[in-house]
Amino acid sequence: MSWGTELWDQFDSLDKHTQWGIDFLERYAKFVKERIEIEQNYAKQLRNLVKKYCPKRSSKDEEPRFTSCIAFFNILNELNDYAGQREVVAEEMAHRVYGELMRYAHDLKTERKMHLQEGRKAQQYLDMCWKQMDNSKKKFERECREAEKAQQSYERLDNDTNATKADVEKAKQQLNLRTHMADENKNEYAAQLQNFNGEQHKHFYVVIPQIYKQLQEMDERRTIKLSECYRGFADSERKVIPIISKCLEGMILAAKSVDERRDSQMVVDSFKSGFEPPGDFPFEDYSQHIYRTISDGTISASKQEGGKVDAKTTVGKAKGKLWLFGKKPKGPALEDFSHLPPEQRRKKLQQRIDELNRELQKESDQKEALNKMKDVYEKNPQMGDPGSLQPKLAETMNNIDRLRMEIHKNEAWLSEVEGKTGGRGDRRHSSDINHLVTQGRESPEGSYTDDANQEVRGPPQQHGHHSEFDDEFEDDDPLPAIGHCKAIYPFDGHNEGTLAMKEGEVLYIIEEDKGDGWTRARRQNGEEGYVPTSYIDVTLERNSKGS
């Protein structure tokens with residue numbers, strides 16, 4: 001079906017139709033543009049949403065990474081990738097559909113304008129031929145009427161007896177002239193008619209069909225282009241569906257990775273203090289003085305009064321240390337993490353030791369590499385100066401020594417915590433009946449109170465009232481030495497009950513470490529106190545001086 005044969009007389013209708021086709025193309029392009037803006041805004045809002053809810057990694061010590069939190073963060077990452085795919089859809093539509101439509105619409109307008117101009121020119125040429133033919137026809141008709149008038153005038157004069165011969169001859173000449181002109185116009189009209197008929201046939205059977213064919217092909221190409229753009233519009237999104245499906249699968253896997261048992265265990269690991277629940281408070285008999293029959297001056301009475309516990313003082317001190325039921329101590333973080341509960345302190349120390357070991361391994365590897373390079377330089381001096389490596393080697397050795405000291409120090413603190421935790425149960429049973437301090441807060445390395453300034457790092461305090469170690473310290477005679485020790489590290493001994501010592505100093509041991517990380521020692525001048533077990537090298541012997 002061809003427009004040239006079926007619509008030969010519908011030039012104006014085709015003009016309007018082709019213009020409508022271009023307008024429809026541009027309208028669809030506008031639709032695609034708005035869809036692109038929607039995709040871009042959607043992707044932007046998704047990215048802003050992800051950014052808003054992503055964790056802030058500003059501090060090194062983050063909150064415990066529960067599986068539910070990790071799953072949510074994974075979902076945010078997948079959603080961020082999903083937003084990227086929406087951007088890909090927008091870019092693909094902009095390039096493959098919208099850009100192509102705008103370029104094609106411009107070319108289509110130019111081509112349509114050219115075809116319509118050719119059609120108008122052909123129509124104008126046919127109109128010109130028709131006018132020429134019509135003019136020759138009118139002229140031929142006019143000359144025929146004049147010739148007919150001349151014929152009638154000649155016949156009238158020829159039949160008139162009164163007319164002179166000259167008038168008849170003149171009328172005859174006029175008739176011949178008009179007849180000749182009529183014949184010429186007849187020939188001209190015939191020629192113009194023949195020419196017009198030929199041009200008209202050519203116009204409606206050759207020129208116009210060709211122009212309409214080109215317009216038809218242009219309109220069909222426009223339809224095909226729209227079909228391709230419709231397909232491209234869908235393909236732009238269909239291409240990213242596999243990736244979007246992977247994003248959604250990642251979200252589902254993140255949901256399946258949530259482990260409530262593991263999260264519960266992380267809660268325990270994060271907040272476990274390492275303390276044991278407080279023991280029972282003993283009964284305090286305030287009625288003893290009523291039945292006292294022994295005089296106040298006797299030795300037994302003095303001993304009883306000396307051993308009597310001040311309930312207010314004891315309970316007050318115990319309450320000050322009982323932060324398990326109150327606020328946690330607030331204060332600056334200490335290097336040995338003694339401001340933390342035992343379990344948390346142990347974890348922190350273990351983490352630090354692991355980090356120091358990794359650094360030590362790096363420094364050791366660097367030292368080995370420097371030594372190999374030094375050997376190569378010594379064997380091949382042209383490759384480099386062995387002396388140039390000496391500063392770096394010395395620095396590496398210093399770093400290794402420093403790291404080893406740090407590791408040893410932290411291991412001492414760790415063994416102190418582990419020893420205290422392991423021996424706390426045994427020490428608990430050595431308390432007297434009037435000892436009210438809750439077990440787990442009598443450890444020598446520190447006490448936890450509501451006030452950070454009250455944190456004490458030292459051995460058990462010796463108070464005027466009856467305490468945990470009163471049974472051991474009741475005798476006035478000094479305890480015999482059971483061995484001796486040598487200080488590996490210096491210890492300041494600022495806290496009450498501790499004994500300061502210098503590196504290399506030799507002391508007598510009068511009480512072994514009972515599992516809390518502290519050993520009781522004495523100098524030759526009789527000064528006694530507790531020193532960290534991890535800071536000394538202990539040698540136990542049966543027959544030692546110092547009793």
Side-chain angles (χ1 to χ4, degrees), residues 28-101 226-274 328 340-341 343-344 346-348 350-355 357-358 361:
Y28 177 69
K30 184 179 179 181
F31 161 78
V32 175
K33 181 181 179 181
E34 292 182 2
R35 169 67 188 278
I36 291 171
E37 292 175 353
I38 291 174
E39 291 289 348
Q40 290 174 342
N41 292 332
Y42 180 47
K44 183 179 179 181
Q45 291 177 3
L46 284 179
R47 288 194 182 278
N48 291 337
L49 182 66
V50 171
K51 184 178 179 181
K52 178 180 178 181
Y53 285 93
C54 268
K56 303 296 185 296
R57 302 182 182 275
S58 57
S59 60
K60 184 177 180 181
D61 297 331
E62 299 179 357
E63 295 181 358
R65 298 299 300 275
F66 298 107
T67 57
S68 56
C69 297
I70 296 174
F72 177 59
F73 299 154
N74 291 335
I75 289 175
L76 289 177
N77 291 331
E78 297 293 346
L79 188 61
N80 191 59
D81 295 340
Y82 176 82
Q85 296 309 309
R86 304 317 307 181
E87 291 176 346
V88 171
V89 171
E91 292 175 0
E92 184 71 12
M93 286 184 179
H95 174 71
R96 182 176 176 182
V97 182
Y98 179 71
E100 187 67 22
L101 281 175
L226 280 173
S227 175
E228 292 175 354
C229 291
Y230 293 160
R231 190 180 298 110
F233 183 82
D235 287 341
S236 299
E237 188 163 1
R238 187 173 65 178
K239 286 182 178 179
V240 301
I241 286 179
I243 303 178
I244 290 177
S245 298
K246 289 183 179 179
C247 294
L248 298 177
E249 289 175 2
M251 295 181 185
I252 294 174
L253 290 176
K256 292 180 179 179
S257 67
V258 176
D259 187 352
E260 68 280 2
R261 295 292 183 181
R262 182 179 175 187
D263 286 356
S264 298
Q265 184 61 40
M266 288 186 66
V267 174
V268 173
D269 295 340
S270 299
F271 303 113
K272 182 179 179 181
S273 66
K328 289 185 179 182
L340 297 177
E343 181 64 21
Q344 302 300 320
R346 184 190 64 77
K347 289 176 60 178
K348 291 289 185 181
Q350 188 62 53
Q351 290 176 3
R352 182 186 287 172
I353 290 172
D354 294 340
E355 292 176 0
N357 282 326
R358 286 192 292 268
Q361 184 62 39

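Note that this is a predicted model, so its numbers are computed, not measured. For this chain, numbers begin at 1 and follow the sequence in order.
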Closest approach of [X] to [Y] (non-hydrogen atoms, all atoms of both residues):
| X | Y | value |
| --- | --- | --- |
| E100 | R96 | CB-O, 3.3 Å |
| N74 | A254 | CB-CB, 3.9 Å |
| R47 | G84 | NH2-CA, 3.2 Å |
| L79 | L46 | CD1-CD2, 4.1 Å |
| S68 | V258 | CA-CG2, 4.1 Å |
| T67 | S257 | CB-O, 3.8 Å |

Can you tell me how far [atom2] of [Y] sits from [atom1] of [X], rounded to the nearest 0.5 angstrom?
| X | Y | atom1 | atom2 | value |
| --- | --- | --- | --- | --- |
| E78 | I75 | CD | CD1 | 9.0 Å |
| L76 | Y53 | CG | OH | 10.0 Å |
| F66 | F72 | CZ | CZ | 15.5 Å |
| R346 | Q350 | CZ | CD | 7.0 Å |
| E34 | I38 | CD | CD1 | 7.0 Å |

M93 vs V89, test: side chain to side chain contact (heavy atoms under 4.5 Å, CB included). Steps then yes/no. CA-CA 6 Å; M93 286 184 179; V89 171; 3.8 Å; yes

Do C229 and V32 have side chains that get closer than 4.5 Å, going by heavy atoms?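 SC-SC contact between C229 and V32 ruled out.
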
Does the side chain of Q265 come within less than 4.5 Å of R262's, by heavy atoms?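 Counting from C-beta outward, R262 and Q265 never come under 4.5 Å.
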
Closer than 4.0 angstrom, basic N to acidic O: yes or no for E237 and R86?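 Salt bridge between E237 and R86, a charged N being under 4.0 Å from a carboxylate O: yes.
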
So, E39 and R35, do they make that salt bridge, N to O below 4.0 Å?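 Answer for the salt bridge query: yes.
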
If only side-chain N and O atoms count, and only distance matters, is there a donor-acceptor pair under 3.5 Å linking D81 with Q85?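 On atom types as modelled, these side chains do not qualify, holding no pair under 3.5 Å.
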
Anything under 3.5 Å between a donor and an acceptor, one on a side chain of residues 238-253, the other on a protein residue two or more places apart or in another chain? List them.
residue : atom : partner : partner atom : Å
R238    : NE   : D235    : OD1          : 3.3
R238    : NH2  : D235    : OD1          : 2.7
S245    : OG   : I241    : O            : 2.8

Between F233 and Y230, is the ring-ring contact (aromatic ring centres under 6.0 Å, His included) condition met? List the steps. CA-CA 5 Å; F233 183 82; Y230 293 160; 8.4 Å; no

For the backbone of Y98 and the side chain of K33, can you confirm whether one donor and one acceptor N or O come within less than 3.5 Å of each other?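 Flag not set: sc K33 to bb Y98 has no pair under 3.5 Å.
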
